[in-house]
**Student:** 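The structure's right below; bear with me while I get my questions together.
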Amino acid sequence: MINLTPHDIRIVVNGNTLTFPKTGTVARVSVTTQVIGEELGIPVVVTNYGNVENVPVAGTEKFLVSAMVLARLGKEYQGWAFAPDTGATAIRNDKGQIEAVTRLVTVE
């Protein structure tokens with residue numbers, strides 16, 4: 001499984017840690033923002049998410065991406081694209097930063 005995030009991903013399974021090193025290729029979602037007004041003199045924007053870049057064709061190679069990228073992929077990526085589950089089961093250090101995860105999430 002290739003890691004298309006900018007960070008090494010560590011997954012703890014049955015007491016063992018699997019590490020998926022970053023590959024140098026990062027899957028991204030194109031993003032644009034549009035100012036729609038202001039509140040108390042502060043600009044207010046809406047964010048528009050576009051196409052996903054740098055992911056394999058569904059069914060060719062399994063890969064890890066960020067949750068934002070995963071959310072933009074179609075159902076054909078179920079079981080092929082995964083993101084770390086950074087919810088309640090994530091392993092955090094004393095500063096609250098994620099050190100490892102125990103589960104993966106895929107496309108619904």
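Predicted model, so just to flag it, every value in this text is computed and none were measured.
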**Student:** Ignoring hydrogens and geometry, is there a side-chain-to-backbone donor-acceptor pair from Asn3 to Thr5 under 3.5 Å?
**Tutor:**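 It does hold such a pair.
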
**Student:** Transitively linked via ILVMFWY side-chain contacts under 4.5 Å: Val13 with Ile9?
**Tutor:**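 Linked within one cluster.
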
**Student:** Does the side-chain contact (heavy atoms from CB on, under 4.5 Å) test come out yes or no for Thr23 and Leu4, once each step is laid out?
**Tutor:** CA-CA 6 Å; Thr23 61; Leu4 300 177; 3.9 Å; yes

**Student:** Grab the two heavy atoms, one from Leu70 and one from Ala83, that are nearest each other, plus how far apart they are.
**Tutor:**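 Shortest heavy-atom contact: CD2-CB, 3.8 Å.
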
**Student:** Give, for atom CD1 of Ile91 and atom OG1 of Thr17, the distance between the pair rounded to the nearest 0.5 Å.
**Tutor:**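 Going from CD1 on Ile91 over to OG1 on Thr17, the span is 7.0 Å.
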
**Student:** Test of understanding: with side-chain contact (heavy atoms from CB on, under 4.5 Å), list the residues that count as partners of Glu108, not counting sequence neighbours.
**Tutor:**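 Scan of Glu108 (side-chain contact (heavy atoms from CB on, under 4.5 Å), adjacent residues dropped) gives none.
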
**Student:** Any chance you could measure Lys22, atom NZ, to Ile2, atom CD1, to the nearest 0.5 Å?
**Tutor:**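 Between Lys22 NZ and Ile2 CD1, I get 15.5 Å after rounding to 0.5 Å.
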
**Student:** Going by atom type alone, with no hydrogens or angles, which donor-acceptor pairs under 3.5 Å involve a side-chain atom of residues 41-66 and a protein atom two or more places apart or on another chain?
**Tutor:**
unit_1, atom_1, unit_2, atom_2, d
Asn54, ND2, Val26, O, 2.9
Thr60, OG1, Val57, O, 2.6
Ser66, OG, Val69, N, 3.3

**Student:** Are Val101 and Leu18 connected into the same hydrophobic cluster when the rule is that any two of I, L, V, M, F, W, Y join if their side-chain heavy atoms are below 4.5 Å apart?
**Tutor:**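 Leu18 clusters together with Val101.
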
**Student:** Check each of Ile11, Val105, Thr102 against Asp85 using the side chain to side chain contact (heavy atoms under 4.5 Å, CB included) test, and report the only one that passes.
**Tutor:**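 Only match with Asp85 under side chain to side chain contact (heavy atoms under 4.5 Å, CB included): Val105.
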
**Student:** On a heavy-atom basis, which atom in Met68 and which in Val29 lie closest, and how many Å separate them?
**Tutor:**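 Here Met68 and Val29 meet closest at O-CG2, 4.0 Å.
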
**Student:** Kindly check if the number of other-residue, nucleotide or ligand heavy atoms within 6.0 Å of CE (Met1) is above 12?
**Tutor:**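 Yes, CE of Met1 has more than 12 neighbouring heavy atoms, counting only those of other groups under 6.0 Å.
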
**Student:** Enter the distance from Trp80:CH2 to Thr106:OG1 here, rounded to the nearest 0.5 Å.
**Tutor:**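 Between Trp80 CH2 and Thr106 OG1, I get 11.0 Å after rounding to 0.5 Å.
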
